[in-house]
Amino acid sequence: MPELPEVQTILDALAPLILDREIHSATVLWPPVVDRPEQTLFIAWMQGRRVVDVRRRGKYMLFRLDDARWLLMHLRMTGKVRVTDAAAPLRPHDRLIFHLNDGREWRFEDQRKFGRVYLVESPDEVIGKLGPEPLSDAFDADYLTHKLARRTAPIKSLLLDQRIVAGIGNIYADESLFRARIHPLRPGGSLTQEEIAMLVEAVKAVLAQALAEMGTTLQDYRRPDGSVGAFQNSLQVFRRTGEPCPSCGAPIRRIVVGGRSTHFCPREQR
DNA sequence: AAGAGACCCTGGATGC
DNA sequence: TGCATCCAGGGTCTCT
């Protein structure tokens with residue numbers, strides 16, 4: 001479900017609700033949601049902890065705890081977090097509950113069961129291989145040129161590779177490639193210097209705008225208070241198969257690249 | 001090493 | 001109506 005702008009938006013709303021609250025206990029409703037450590041240890045280690053810092057890295061949410069361990073969360077496709085009154089009824093797909101000391105509960109809900117939480121000494125145990133943040137200065141044309149050199153995989157697939165750059169998913173990969181007018185099937189190593197520079201700027205512009213609009217709501221992404229993002233109104237090609245390209249009017253095409261649905265303008269993206 | 005594909009899950013939409 | 005198939009914003013694993 002969520003990509004960088006959605007994860008950031010969720011985290012911004014969640015942070016004030018959980019910072020400095022004591023987690024007096026944890027209830028695991030579906031054990032595989034805890035990736036590590038083993039469930040019994042996870043529950044024991046979470047007991048009595050406080051979240052003292054909240055960060056995002058790629059699509060991961062990072063919570064620094066008062067014992068210097070880190071709780072990491074990844075929502076994958078359908079994960080959601082809510083902070084509710086403890087008396088609020090459970091929902092069918094609730095997987096994990098943190099009972100807070102203010103009478104509320106921080107709940108992790110996930111229909112498709114892909115989302116995971118990790119409790120680790122160091123975040124690098126989980127996110128050590130992530131590429132740079134796309135909005136940071138580390139993600140520039142020189143860096144991307146180096147990573148794309150001699151690569152034969154489609155540029156679309158490489159944009160989705162979190163080891164190259166962290167936080168881009170299917171929506172923003174398609175939108176960025178359209179903005180840069182680059183065909184999604186182009187081998188990564190075939191992009192010119194100029195195209196790479198365009199692509200870097202396109203990624204940054206698309207993500208910055210999506211952040212400003214609090215993400216994209218297609219089906220079930222919601223901010224923790226239930227409100228929706230607005231970037232779906234700004235999508236140029238994503239899930240607009242057959243509709244006219246906003247720039248030239250040619251019908252948007254849908255193909256499958258690396259197993260992922262891919263949308264582009266066949267006339268302008270070369 | 002890099003790339004392609006299977007796989008993990010559930011449920012809504014679509015087709016016959 | 002019932003059943004089959006496809007589809008979904010993610011990541012990991014295996015095989016070649």
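Here is the naming used below: chain letters follow the sequence lines, and residue numbers restart at 1 for every chain.
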Asks: Go ahead and name the base partner of B:dT14; Watson-Crick or wobble counts if both distances stay under 3.5 Å, otherwise write none.
Replies: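 With both distances under 3.5 Å, B:dT14 matches C:dA4.
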
Asks: Please classify the nucleic acid contact of A:Gly169 as base, sugar-phosphate, or nothing, using heavy-atom distances under 4.0 Å.
Replies: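 Sugar-phosphate only.
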
Asks: Decide whether A:Trp45 and A:Tyr118 are clustered together by the hydrophobic rule: side chain heavy atoms of Ile, Leu, Val, Met, Phe, Trp, Tyr closer than 4.5 Å, transitively.
Replies: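 In one cluster with A:Trp45: A:Tyr118, no.
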
Asks: Quickly work out the A:Asp161 CG to B:dA4 P distance and round it to whole Å.
Replies: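 From A:Asp161 CG to B:dA4 P: 12 Å.
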
Asks: Should A:Glu133 and A:Arg57 count as an ion pair when the cut-off is N to O under 4.0 Å?
Replies: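 Salt bridge present between A:Glu133 and A:Arg57.
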
Asks: Specify the separation, in whole Å, of atom CZ of A:Arg76 and atom C1' of B:dC7.
Replies: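 Between C1' of B:dC7 and CZ of A:Arg76: 12 Å.
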
Asks: Measure centre to centre between the rings of A:Tyr172 and A:Phe231, then say whether the value is under 6.0 Å.
Replies: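 Yes, they do, as the ring centres are separated by less than 6.0 Å.
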
Asks: Looking only at side chains, do A:His24 and A:Asn101 share a donor and an acceptor under 3.5 Å apart?
Replies: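 Side chains of A:His24 and A:Asn101: no pair found under 3.5 Å.
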
Asks: Identify which nucleotide among C:dG9, B:dG3, B:dA4 has an atom closest to any side-chain atom of A:Asn170, counting heavy atoms from C-beta outward.
Replies: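 For A:Asn170, the side-chain atoms sit closest to C:dG9.
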
Asks: With rounding to the closest Å, how many angstrom separate the P atoms on B:dA6 and C:dT5?
Replies: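 Rounded to whole Å, the distance is 16 Å.
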
Asks: Side chain of A:Glu3 only, heavy atoms from C-beta on: which candidate in C:dG9, B:dA4, C:dG11 is closest?
Replies: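 Side chain of A:Glu3 sits closest to C:dG9.
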
Asks: Who is the Watson-Crick or G-U wobble partner of B:dG5, with both distances under 3.5 Å?
Replies: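 B:dG5 is paired with C:dC13.
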
Asks: According to the interplanar angle, ranging from 0 to 90°, do the rings of A:His74 and A:Tyr60 count as parallel (below 30°), tilted (30 to 60°) or perpendicular (above 60°)?
Replies: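 Ring orientation of A:His74 relative to A:Tyr60: perpendicular.
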
Asks: Can you tell me the distance, in whole Å, between the CZ atom of A:Phe238 and the P atom of C:dC7?
Replies: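 The answer, rounded to whole Å, is 13 Å.
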
Asks: What parts of residues 112-119 of chain A reach DNA chain B, counting only heavy atoms under 4.0 Å away?
Replies: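 Per residue number, the list reads A:Arg112, A:Lys113, A:Phe114.
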
Asks: Without hydrogens or angle criteria, can the side chains of A:Arg254 and A:Thr262 be said to hold a donor-acceptor pair below 3.5 Å?
Replies: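 No.
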
Asks: Tell me if the side-chain of A:Arg260 makes a donor-acceptor pair with the base of C:dG9, cut-off 3.5 Å, by modelled atom types.
Replies: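 Donor-acceptor pair under 3.5 Å: no.
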
Asks: Suppose you measure atom P in B:dA13 against the same atom in C:dG9; what distance do you get, rounded to whole Å?
Replies: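 The answer is 16 Å between these two P atoms.
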
Asks: Regarding A:Gln269 and A:Arg181, is there a side-chain donor-to-acceptor distance under 3.5 Å anywhere?
Replies: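 No, A:Arg181 and A:Gln269 have no side-chain donor paired with an acceptor closer than 3.5 Å.
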
Asks: Among C:dA8, B:dG11, C:dG11, which nucleotide has an atom closest to any side-chain atom of A:His74?
Replies: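 Nearest to the side chain of A:His74 among the choices is C:dG11.
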
Asks: Checking side-chain polar atoms at under 3.5 Å, does A:Glu105 have a donor or acceptor matched by the opposite partner on A:Thr84?
Replies: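 No - no donor-acceptor pair under 3.5 Å links their side chains.
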
Asks: Between A:His93 and B:dC9, does any side-chain N or O lie under 4.0 Å from OP1 or OP2?
Replies: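 For B:dC9, neither OP1 nor OP2 has a side-chain N or O of A:His93 closer than 4.0 Å.
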
Asks: On the nucleotide C:dA8, are OP1 or OP2 found under 4.0 Å from the side-chain N or O atoms that A:Ser261 carries?
Replies: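 Checking C:dA8 against A:Ser261, a side-chain N or O does come within under 4.0 Å of OP1 or OP2.
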
Asks: For C:dG2 versus B:dC9, give the span between their P atoms, rounded off to a whole number of Å.
Replies: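 Looking at atom P only, C:dG2 and B:dC9 are 28 Å apart.
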
Asks: Could you tell me how far apart A:Leu160 (CG) and C:dT12 (P) are, to the nearest whole angstrom?
Replies: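 Nearest whole value for this atom pair: 13 Å.
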
Asks: Tell me: CG of A:Leu218 to P of B:dG11, nearest whole Å?
Replies: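 Nearest whole value for this atom pair: 20 Å.
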
Asks: For A:Met77 and C:dG11, give me the distance from atom CE to atom P, rounded to whole Å.
Replies: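 After rounding, the gap between these two atoms is 10 Å.
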
Asks: Does the ring center of A:Phe63 lie less than 6.0 Å from the ring center of A:Trp106?
Replies: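 Ring centroids of A:Phe63 and A:Trp106 are less than 6.0 Å from each other.
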
Asks: Take atom CG of A:Asp174 and atom P of C:dG10, then tell me their distance rounded to the nearest Å.
Replies: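 So the two atoms are 10 Å apart, to the nearest Å.
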
Asks: Does any residue of residues 144-153 of chain A have a heavy atom under 4.0 Å from DNA chain B, and if so, which ones, in number order?
Replies: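 The stretch gives A:Arg151, A:Thr152, A:Ala153 as the residues lying under 4.0 Å from the strand, ordered by number.
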
Asks: Strictly below 4.0 Å, N to O, side chains only: are A:Asp66 and A:Arg49 in salt-bridge contact?
Replies: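 Yes, this pair counts.
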
Asks: A:Gln111 has an atom CD; how far is it from atom P of B:dA13, in whole Å?
Replies: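 Between P of B:dA13 and CD of A:Gln111: 12 Å.
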
